[in-house]
Novice: 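Have a look at this one before I ask anything.
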Amino acid sequence: MLKGLLIDYAGVLTDPDAALLYEYLRDARANGTRTALVSNAPGAAPGVKTELAQYFDALVFSGEVGVAKPDREIYLVAAERIGLAAPRCVFVDDAERNVRGAVAAGMVGVHHRTITDTLDELAALFS
């Protein structure tokens with residue numbers, strides 16, 4: 001059973017319709033799904049981290065963990081931080097190579113193209 005949702009920031013959470021995905025994240029957490037942000041950014045300012053903390057149980061920035069997508073290790077770090085094994089997690093990214101990296105780490109991958117398509121796929125996976 002899938003219990004973890006890992007999401008990329010740039011290209012997914014910066015999508016023009018991302019408010020719908022943020023709402024999904026808030027509801028998913030309220031229903032027991034563990035969430036993590038996985039970003040190749042060097043890090044984020046404390047204020048940004050505080051803002052993101054309302055949606056994510058863990059924030060994983062490549063600059064802080066020393067490994068970047070699509071290296072399988074970053075996905076394993078994120079899964080560990082939310083207390084789940086990789087096969088119990090779904091990873092969403094707009095870059096296909098990053099999705100392939102997550103799949104190589106044992107996760108279910110979702111290639112983000114539009115918010116509507118991504119939300120439909122997540123609804124099927126987490127139903």
Side-chain angles (χ1 to χ4, degrees):
M1 174 181 249
L2 297 169
K3 293 300 289 177
L5 177 56
L6 289 62
I7 306 255
D8 170 53
Y9 184 77
V12 178
L13 293 175
T14 58
D15 188 291
D17 295 323
L20 297 170
L21 188 51
Y22 279 109
E23 184 179 315
Y24 179 89
L25 285 164
R26 187 183 345 261
D27 292 345
R29 281 185 82 197
N31 290 315
T33 299
R34 304 286 295 166
T35 60
L37 176 78
V38 182
S39 172
N40 275 350
V48 173
K49 287 183 177 183
T50 300
E51 178 67 24
L52 291 171
Q54 66 183 304
Y55 303 101
F56 297 102
D57 298 298
L59 303 173
V60 179
F61 295 99
S62 63
E64 295 176 356
V65 299
V67 64
K69 299 178 289 181
D71 188 306
R72 67 187 300 276
E73 189 61 29
I74 195 165
Y75 309 104
L76 298 176
V77 167
E80 180 181 324
R81 288 192 179 176
I82 61 171
L84 295 170
R88 300 200 61 203
C89 298
V90 173
F91 175 72
V92 178
D93 199 306
D94 63 309
E96 189 174 342
R97 72 186 196 116
N98 294 340
V99 174
R100 285 193 306 266
V103 170
M107 296 181 178
V108 174
V110 173
H111 185 192
H112 172 77
R113 290 181 181 90
T114 69
I115 293 292
T116 301
D117 290 346
T118 296
L119 290 173
D120 287 347
E121 198 156 346
L122 292 175
L125 289 167
F126 286 96
S127 64

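Since this is a predicted model, take the numbers as computed values, not measurements. Just the heavy atoms: all of them, side chains too, but no hydrogens, waters or symmetry mates, feed the values below.
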Novice: Taking the side chain as every heavy atom from C-beta outward, state whether R26 and E23 have any atom pair closer than 4.5 Å.
Specialist: no
Novice: Identify the heavy atoms of L52 and Y22 that sit nearest to each other, and give their distance.
Specialist: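 Minimum heavy-atom contact is CD2-OH, 4.3 Å.
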Novice: Count I, L, V, M, F, W, Y as connected when their side-chain heavy atoms are under 4.5 Å apart, and connections chain through other members. Are I74 and V90 then in the same cluster?
Specialist: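 No; tracing contacts between hydrophobic side chains, which count when under 4.5 Å, never links both residues.
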Novice: With H112 as reference, evaluate D94, D117, D15, N98 under the side-chain hydrogen bond (donor to acceptor under 3.5 Å, both in side chains) test and give the passing residue.
Specialist: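 Only match with H112 under side-chain hydrogen bond (donor to acceptor under 3.5 Å, both in side chains): D15.
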Novice: Where do L84 and C89 come nearest, in terms of heavy atoms and distance?
Specialist: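 Scanning both residues completely, I find the closest heavy atoms to be CB-SG, 4.0 Å.
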Novice: If you look at every heavy atom in A85 and A79, which pair is closest and at what distance?
Specialist: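 Nearest heavy atoms, A85 then A79: C-CB, 4.4 Å.
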Novice: What's the shortest heavy-atom distance between A18 and V12, and which atoms?
Specialist: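 Of all heavy-atom pairs spanning A18 and V12, the closest is CB-O, 4.0 Å.
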Novice: Report yes or no: do Y9 and V92 belong to one cluster of Ile/Leu/Val/Met/Phe/Trp/Tyr joined by side chain heavy-atom distances under 4.5 Å?
Specialist: yes
Novice: Looking at every non-hydrogen atom in both residues, tell me the closest pair between L76 and A105 and how far apart they are.
Specialist: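 Closest approach of L76 to A105: CD2-O, 3.7 Å.
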Novice: So how far is it from I7 CD1 to F91 CZ, rounded to the nearest 0.5 Å?
Specialist: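 Interatomic distance, I7 CD1 to F91 CZ, rounded to 0.5 Å: 8.5 Å.
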Novice: What distance separates T116 OG1 from L21 CG, expressed to the nearest 0.5 Å?
Specialist: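 These two atoms lie 10.5 Å from each other.
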Novice: Measuring from T114:OG1 to D17:CG, what's the distance to the nearest 0.5 Å?
Specialist: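 T114 atom OG1 to D17 atom CG measures 8.0 Å (nearest 0.5 Å).
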Novice: Which salt bridge (Lys or Arg N to Asp or Glu O under 4.0 Å) pairs, counting each pair once, include a residue from residues 45-74, with sequence neighbours left out?
Specialist: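 Every pair satisfying salt bridge (Lys or Arg N to Asp or Glu O under 4.0 Å) with a residue in residues 45-74: D8-K69, R29-D57, R34-D57, K49-E64, K69-D93.
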Novice: CG/L5 to CG/L37 distance, rounded to the nearest 0.5 angstrom?
Specialist: 10.5 Å
Novice: Return yes if some donor-acceptor pair links the side-chain N/O of T35 with the main-chain N/O of Y55 below 3.5 Å, else return no.
Specialist: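 Side chain of T35 to backbone of Y55: a pair is present.
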Novice: Examine distances only and state if a side-chain atom of R113 and a backbone atom of T118 form a donor-acceptor pair shorter than 3.5 Å.
Specialist: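 No.
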Novice: If you measure from CG on L6 to CZ on R81, what distance do you get to the nearest 0.5 Å?
Specialist: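 Nearest 0.5 Å value for the CG-CZ distance: 11.5 Å.
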Novice: Quick check on the hydrophobic clustering: are V99 and V38 connected, directly or via other members, by side-chain heavy-atom contacts under 4.5 Å?
Specialist: no
Novice: Using the rule that two of Ile, Leu, Val, Met, Phe, Trp, Tyr join whenever any of their side-chain heavy atoms come within less than 4.5 Å, decide whether L59 and V65 are in one cluster.
Specialist: no
Novice: Testing the basics here: between A86 and M107, what is the closest heavy-atom pair and its distance to 0.1 Å?
Specialist: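 Answer, listing the atom of A86 first, then M107: O-CG, 3.3 Å.
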Novice: Are L2 and F56 co-members of a hydrophobic cluster defined by side-chain heavy atoms under 4.5 Å apart?
Specialist: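 Looking at the clustering, L2 is in the same group as F56.
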Novice: Quick check against the 3.5 Å criterion: does Y75 have a side-chain atom that pairs as donor or acceptor with the backbone of V103?
Specialist: no
